[in-house]
Amino acid sequence: MTNLRILHCLRAPVGGLFRHVRDLSAAQSAAGHDVGVIVDSSTNDCLTERRLGELQANLTLGLHRCAMSRDIGWRDLTAAHATAKLAKSLQIDVIHGHGAKGGAYGRLAAVVLRAQRRPIMSFYTPHGGSLHYAPSSLKGRIFMALEKGLGRSTDGVIFESAYSAGIYGRNVGEIAGATRVIPNGLLASEFTSHRPFPDATDIVFIGELRHLKGVDLLLEALALLDRNPAITATIVGEGPDAAQFVKTATRLGLNNRVRFPGAMPAAQAFPLGRVLVMPSRAESFPYIVLEAAAAGIPLIATSVGGIPEIVEGSDTELVAPENIAALASAVAAVLADPAGALNRAARLKASVASRFTVERMSSAIVTFYSDARPLILAPTGLRRAEA
């Protein structure tokens, strides 16, 4: 494919979604494409600004910011208009929206530009997003209706996992454009050896501190385990339920066994514990599982979302979600056999290294842009290019 002018659109520059856009945009730039990114302007803490500064170094079309609200409201129209204006000024060929809000702004911008008879390809990666809402709930009904409406202006939908593709198909319905499952990937530099600090706790959790991630379940599981010495844990992250989790730890008498150091990059957090526990109630295709595998840290995770696809072919076993007794049993078993846990981690690491790389991910996505056959401007209006 010839050089493309690509604009990635996302709301919050945090978490796995941002990491995906960062790696993808860098790889696309390295492959000779011109890439720009538009993100929310209201997230401006020091860590975010540093991440955005690192991202900007790889963007020939620049980093752009506008106000993007988390909830649905009239400001969404302003953000969509700003995205369309930017895409027009940069003469974008491909606009790729990420997450529920980024996907909405990107596709609405494509609708505006096509109405002006400007050819532009529109792609969307849900990254979980609206798919986490129950379709029977009020928010779920709203998001699913929006997904169905925006689907008509989407040339292609990219899923990180077969799980996400299945959920999307069941909740949203048939997709007008093309679809493809393209898993997230890792950089070669991320494949390292796990070396816990001398004062590392038995367990480490890394992620956003919210109900969906199941930190409360991990705390309850630790309270079930009466061992000598007592099992310790480090809970790394920040989020809307952080204060509640601290209260839960206090209620369960875990204050001397559990510490909450705040948020930090995964690579810095891995040495804080000997085993990574991920007790999520729901996931899409979490980077933290890939990163843990690459680091060679023993893993205990729930069988949700795309996690089974990551461990497929290995002997890493998963735990049923929201089963506190099973989670406690898994923790006890891994800590009782550290050598076996490290051997399983090494085998998972080799499996992930052979299947999930940034280079493979980026190449597959750019190929999909081409295979989806973009809209072109014809004398009678926009039509699909002939095969």
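Side chains included, hydrogens not; waters and symmetry mates left out as well; all remaining heavy atoms used. Sequence positions, counted from 1, serve as the residue numbers for this chain.
Taking 4.0 Å as the cut-off between side-chain N and carboxylate O, Arg19 and Glu54 do not count as a salt-bridged pair. Using a cutoff of 4.0 Å between basic side-chain nitrogens and carboxylate oxygens, Arg65 and Asp40 are not scored as salt-bridged. Taking the charged nitrogens against the carboxylate oxygens, Glu220 and Arg251 do have a contact shorter than 4.0 Å, which makes a salt bridge. The existence of a salt bridge linking Arg114 and Asp155 is confirmed by a sub-4.0 Å separation between a basic side-chain nitrogen and an acidic carboxylate oxygen. Taking the charged nitrogens against the carboxylate oxygens, Glu317 and Arg344 have no contact shorter than 4.0 Å, which rules out a salt bridge. For Arg5 and Asp34, the salt-bridge test passes: some basic side-chain N is under 4.0 Å from an acidic carboxylate O.
Distance CZ/Arg274 to CG/Leu342: 11.0 Å, rounded to 0.5 Å. Taken from CD1 in Ile158 to CD1 in Ile182, the straight-line distance is 4.5 Å, to the nearest 0.5 Å. Taking CG of Leu209 as the reference point, atom CD1 of Ile206 lies at 11.5 Å (rounded to 0.5 Å). Summarising the geometry, atom CG belonging to Leu335 is positioned 10.5 Å from atom CG belonging to Asp337; distances are rounded to the nearest 0.5 Å. Here Lys349 contributes atom NZ and Leu186 contributes atom CG; the two are 11.5 Å apart, rounded to the nearest 0.5 Å. How far CD1 of Ile92 is from CG of Leu7: 5.0 Å, rounded to the nearest 0.5 Å.
Using bins of under 30°, 30° to 60° and over 60° for the plane-to-plane angle, the ring pair Phe270/His194 lands in the perpendicular bin.
No donor-acceptor distance shorter than 3.5 angstrom exists from the side chain of Thr83 to the backbone of Gly106, with no hydrogens or angles considered. Lys101 contributes a side-chain N or O that, together with a main-chain N or O of Ser69, makes up a donor-acceptor pair within less than 3.5 Å. Formation of a donor-acceptor pair under 3.5 Å by the Glu322 side chain with backbone atoms of Arg281 is not found in this model.
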Name every donor-acceptor pair, under 3.5 Å, that has one atom in a side chain of residues 252-263 and the other anywhere in the protein, sequence neighbours excluded.
{"from": "Asn255", "atom 1": "OD1", "to": "Thr250", "atom 2": "OG1", "distance (Å)": "3.0"}
{"from": "Arg257", "atom 1": "NE", "to": "Ile231", "atom 2": "O", "distance (Å)": "2.9"}
{"from": "Arg257", "atom 1": "NH2", "to": "Leu222", "atom 2": "O", "distance (Å)": "3.1"}
{"from": "Arg257", "atom 1": "NH2", "to": "Ile231", "atom 2": "O", "distance (Å)": "3.3"}
{"from": "Arg259", "atom 1": "NE", "to": "Thr234", "atom 2": "OG1", "distance (Å)": "2.9"}
{"from": "Arg259", "atom 1": "NH2", "to": "Asp199", "atom 2": "O", "distance (Å)": "3.3"}

Give every donor-acceptor pair under 3.5 Å between a side-chain atom in residues 356-365 and any protein atom, sequence neighbours left out.
{"from": "Thr357", "atom 1": "OG1", "to": "Arg360", "atom 2": "N", "distance (Å)": "3.1"}
{"from": "Arg360", "atom 1": "NH1", "to": "Arg355", "atom 2": "O", "distance (Å)": "3.3"}

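Nearest approach of Ile307 to Ala301, heavy atoms of both residues: CG2-CB, 4.2 Å. Taking every heavy atom of both residues into account, His127 and Thr125 meet most closely at CD2-O, 3.1 Å.
Both Phe205 and Leu327 are assigned to one and the same hydrophobic cluster, defined by single-linkage of ILVMFWY side chains at heavy-atom distances under 4.5 Å. Taken together through direct or relayed side-chain contacts under 4.5 Å among Ile, Leu, Val, Met, Phe, Trp and Tyr, Ile288 and Ile203 form parts of separate hydrophobic clusters.
Checked by atom type, the side-chain pair Gln28/His8 shows a donor-acceptor distance below 3.5 Å. The closest side-chain donor-acceptor pair between Ser280 and Thr302, if any, does not fall under 3.5 angstrom. Under the 3.5 Å distance criterion, with hydrogens and angles disregarded, no donor-acceptor pair is assigned to the side chains of His98 and Tyr124. No side-chain N or O of Ser122 forms a donor-acceptor pair with one of Arg107 less than 3.5 Å apart. A donor-acceptor contact under 3.5 angstrom links the side chains of Asn184 and His20, judged on distance only. A side-chain donor from one of Ser164 and Ser161 sits under 3.5 Å from a side-chain acceptor of the other.
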Item to check | Working for salt bridge (charged side-chain N to carboxylate O under 4.0 Å, His left out), residues Lys213 and Asp241 | outcome: CA-CA 10 Å; Lys213 298 296 183 178; Asp241 297 321; over 6 Å; no
Next on the checklist: Apply salt bridge (charged side-chain N to carboxylate O under 4.0 Å, His left out) to residues Asp76 and Arg70 and explain how you reach the verdict.
Outcome noted: CA-CA 9 Å; Asp76 290 331; Arg70 183 182 181 91; over 6 Å; no
Checklist entry - Hey, mind stepping through Leu10 and Phe18 against side chain to side chain contact (heavy atoms under 4.5 Å, CB included) and telling me if it holds? => result CA-CA 8 Å; Leu10 66 153; Phe18 174 69; 4.1 Å; yes
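Aromatic ring centres of Tyr163 and Phe285: separated by at least 6.0 Å.
Atom CZ of Arg75 has 12 or fewer heavy atoms from other residues, nucleotides or ligands within 6.0 Å.
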